[in-house]
Structures are given as structure tokens and as C-alpha cells.
Amino acid sequence: MVNIINNKIGIYTNNVTGSFSQIRYSGFLNSHNQYAILIVFPLTYLLEKMFDKRDLFKLLANIVLSIFLFYIFLKTGARTTFLSAVLVYSFYFIIKAIKYNYRYSILFLFILLISGYFIVHNQSFKNRFVVTVLNFKTDSSFVTRFPIWHSAFECFKDKPLIGYGFNNFRKCYENKLPQYLKKHYKAPHVNTTNNAHNFFLHFLAETGIIGTILISMIIFIAIYHGIKVNLHFLSIALLISISGFMMNMNLYIREVSFLFFTSIGFIEGYYLAIKNEKSIV
């Protein structure tokens, strides 16, 4: 029954035969990792607005929605995005607590307690977030990335300035993989993939140094501008996304790409509007 409900309301995974505790949410997307990136943006907004001056009802609604989204975020089982979120949120809320208000430290502690509860008291969470991270050398989804990363770097070495061009990673990887397997013939691997499972290696392989520097500048300048104009939640969400892209290069996914670059456009538009308004005054 729970599986049917999850399927109907859209926060459902392809694991319909598992128990509720084993289900990984993927929403309307094909991947749990992609869904986690999308959840990060509204969740970050709610956490940022948690302590705005508001009436009790709005505050309670914010807390309920935050817990709901955080639970869904955990249920995606996206380990890299989760670890990225913990690190970025920790750094951000510690700064907030020191510089502005003790209430941010309370929120940070609240997040850690919820995370710890689900991870420690739920075996599927524990296996997903703790056991596999501590035993990453034997985790199949991790070790198969070594030949991908190696091949991506070899592709970059062939054409370091301009790379192989957009959407050409698959062809390059398939050409470079046999070279890697000659030296590591027993290495776990995938025969084909369309991305390097790492943001920088992927763009280095496809666009070279020039393209990688340009796309990195666009993103990190937007993150900086977001902080400057108090759009902290978007800057944090972008930073968490980039960190997640270090293991899962989901930027080419339509929904993720749309949200990611729309956020960058919104930040830059708002930044220019504020800048022009100040220059007029």
C-alpha cells in the first residue's frame, strides 16, 4: 500500500518490491541523485528563511515543510550530495552563529540531530550513508569511477586547450578505456558512459582548459554575487550542487540544468538591478 501511495504522489523510486525503509525516492526523474539536487534548492530556501520575523503559524509551517523536504532528501540516498550539504550547511551556519545569532547554531544542531536519528536508527540509511562511505574502496558505484576519471584525464591530455567538444565524452571514453584495462585488467568498470562523473574532469575532457575556466568563472562569480546581495540560499544551493557534481555529473540533465542556470541568471539579474539602483542614487 505504501509503495502504491508513493508511486501515485510522485515521490517514488524504481524499487517497488522493497519495504518502505528501503525505498529511495527519485520523484518524477530517472535518478535519485538528480532528484536530490532539485530538493536542495527549496530546502535551502526554507532553512535560510527559518528565522525571519514572522507569525507563529508561518514559522510552524516552515518547520514542517523543512522536515518533510529533509526527509525526502535523505530518502534519495544521494550520498555525495548529502555529504556536500552537511559540509556546506555546517560551515555556513557556524559562521552565522558566530557573526549574527545563536539561533543559527540551534538550527544547525536540529539538522544534525534529525540526520543522526535517521542514519543511526534506520538500517537502510546506515548502510547507505555510513557503511558504504567507510568502505568506499569496495563500493561498486565508487570503484567503477576510477577508469572513468582516468580516461577523462587522458582525453584532456589529448586536447588540453579546447577538448573534444560537447557531448563527445562517450566516444572518447570508449576509446581510452581499453588502455586503462591493459594495465588494470581486473578493474571494475562500465563499458560506456556519457559523462565523467566529475564536474571538472568532464569539462576538461570536453571543453579543455579554456572552456572549464569560463564555465567555472560563470558559476563561482554568481555564487559570490549571490552572497553580496543576500541571496544566500541560492549561493548555498549552487555550491552544494557543484560539490555533488564531483561524483555525479548531473548538469546535463534537463531539469537539473534548467534549475541550476536559471538560479545563476536570477542572481546576476538581481545583482545588476541592485548595482544599477545604487549607481542611480
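These numbers were taken from a predicted model, which means no experiment stands behind them.
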Asn198/Met249 under side-chain contact (heavy atoms from CB on, under 4.5 Å): CA gap, chis, key distance, verdict: CA-CA 6 Å; Asn198 180 281; Met249 180 56 181; over 6 Å; no
side-chain contact (heavy atoms from CB on, under 4.5 Å) evaluation trace for Ile253 with Ser31: CA-CA 10 Å; Ile253 305 303; Ser31 166; over 6 Å; no
Chi angles and distances behind the salt bridge (charged side-chain N to carboxylate O under 4.0 Å, His left out) call for Lys171, Glu174: CA-CA 5 Å; Lys171 182 178 180 180; Glu174 292 173 354; over 6 Å; no
side-chain contact (heavy atoms from CB on, under 4.5 Å) between Val86 and Phe82, worked out: CA-CA 6 Å; Val86 169; Phe82 173 77; 3.8 Å; yes
Working for side-chain contact (heavy atoms from CB on, under 4.5 Å), residues Phe153 and Leu204: CA-CA 8 Å; Phe153 188 70; Leu204 283 172; 5.7 Å; no
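Atom NE2 of residue His225 and atom NZ of residue Lys275 lie 7.0 Å apart, to the nearest 0.5 angstrom. Rounded to the nearest 0.5 Å, atoms OG1 (Thr81) and CG (Asn250) are 7.5 Å apart. Annotation: the span from Ile67 atom CD1 to Phe73 atom CZ amounts to 15.5 Å, rounded to 0.5 Å. Here Leu239 contributes atom CG and Ile227 contributes atom CD1; the two are 8.0 Å apart, rounded to the nearest 0.5 Å. Rounding to the nearest 0.5 Å gives a distance of 12.5 Å between OG of Ser84 and CZ of Arg79. In this structure, the separation between CD1 on Ile242 and OG on Ser216 is 7.5 Å, given to the nearest 0.5 Å.
The one candidate from Ile215, Thr212, Leu161, Ile162 that meets the side chain to side chain contact (heavy atoms under 4.5 Å, CB included) condition with Thr207 is Thr212.
Hydrophobic clustering places Ile223 together with Ile218 (ILVMFWY residues linked when any side-chain heavy atoms are closer than 4.5 Å, directly or through intermediates). Hydrophobic cluster membership is shared by Phe41 and Phe70, with clusters built from Ile, Leu, Val, Met, Phe, Trp and Tyr side chains linked at under 4.5 angstrom. No single ILVMFWY cluster, assembled from side-chain heavy atoms under 4.5 Å apart, contains both Leu87 and Phe245. Hydrophobic clustering places Leu251 together with Leu234 (ILVMFWY residues linked when any side-chain heavy atoms are closer than 4.5 Å, directly or through intermediates). Residues Leu214 and Ile219 fall into different hydrophobic clusters, defined by Ile, Leu, Val, Met, Phe, Trp and Tyr side chains chained together at heavy-atom separations under 4.5 Å.
With hydrogens and angles ignored, the 3.5 Å screen pairs no side-chain donor or acceptor of Asn62 with any backbone N or O of Lys58.
Contact between Ser241 and Phe260 at its shortest, heavy atoms only, is CB-CE1, 3.8 Å. Taking each heavy atom of Val190 and Tyr173 in turn, the nearest pair found is O-OH, 2.5 Å. Taking both residues in full, the closest heavy atoms of Ile37 and Val256 are given as CG2-CG1, 3.8 Å, listed atom of the first, atom of the second, then distance. In plain terms, the two heavy atoms of Lys176 and Asp158 that are nearest each other are NZ-OD2, 2.5 Å. Between Ile264 and Ala222 the shortest heavy-atom distance is CG2-CB, 3.7 Å. Residue Asn167 comes nearest to Glu206 through the heavy atom pair N-OE2, 3.2 Å, listed as atom of the first residue, atom of the second, then distance.
Ring orientation note: the planes of Tyr25 and Tyr71 are nearly perpendicular, at an angle over 60° on the 30°/60° scale. The aromatic rings of Phe233 and Tyr45 lie perpendicular to each other, with more than 60° between the two planes, well past the 30° mark. The aromatic rings of Tyr270 and Phe266 lie parallel to each other, their planes meeting at an angle below 30°, with 60° marking the opposite boundary.
Within the 4.5 Å cutoff, side-chain heavy atoms of Glu268 are placed close to those of Ile221. Between His189 and Phe146 there is no side-chain heavy-atom pair separated by less than 4.5 Å. Taking the side chain as every heavy atom from C-beta outward, Tyr89 and Ile240 approach each other to under 4.5 Å.
When only modelled atom types and interatomic distance are considered, His232 and Tyr92 share a side-chain donor-acceptor pair under 3.5 Å.
Centroid-to-centroid, the aromatic rings of His202 and Tyr252 come within less than 6.0 Å. Taking the six-membered ring for Trp, Phe199 and Phe203 have ring centres closer than 6.0 Å.
The environment of Tyr224 atom OH is sparse: at most 12 non-hydrogen atoms of other residues, nucleotides or ligands sit within 6.0 angstrom.
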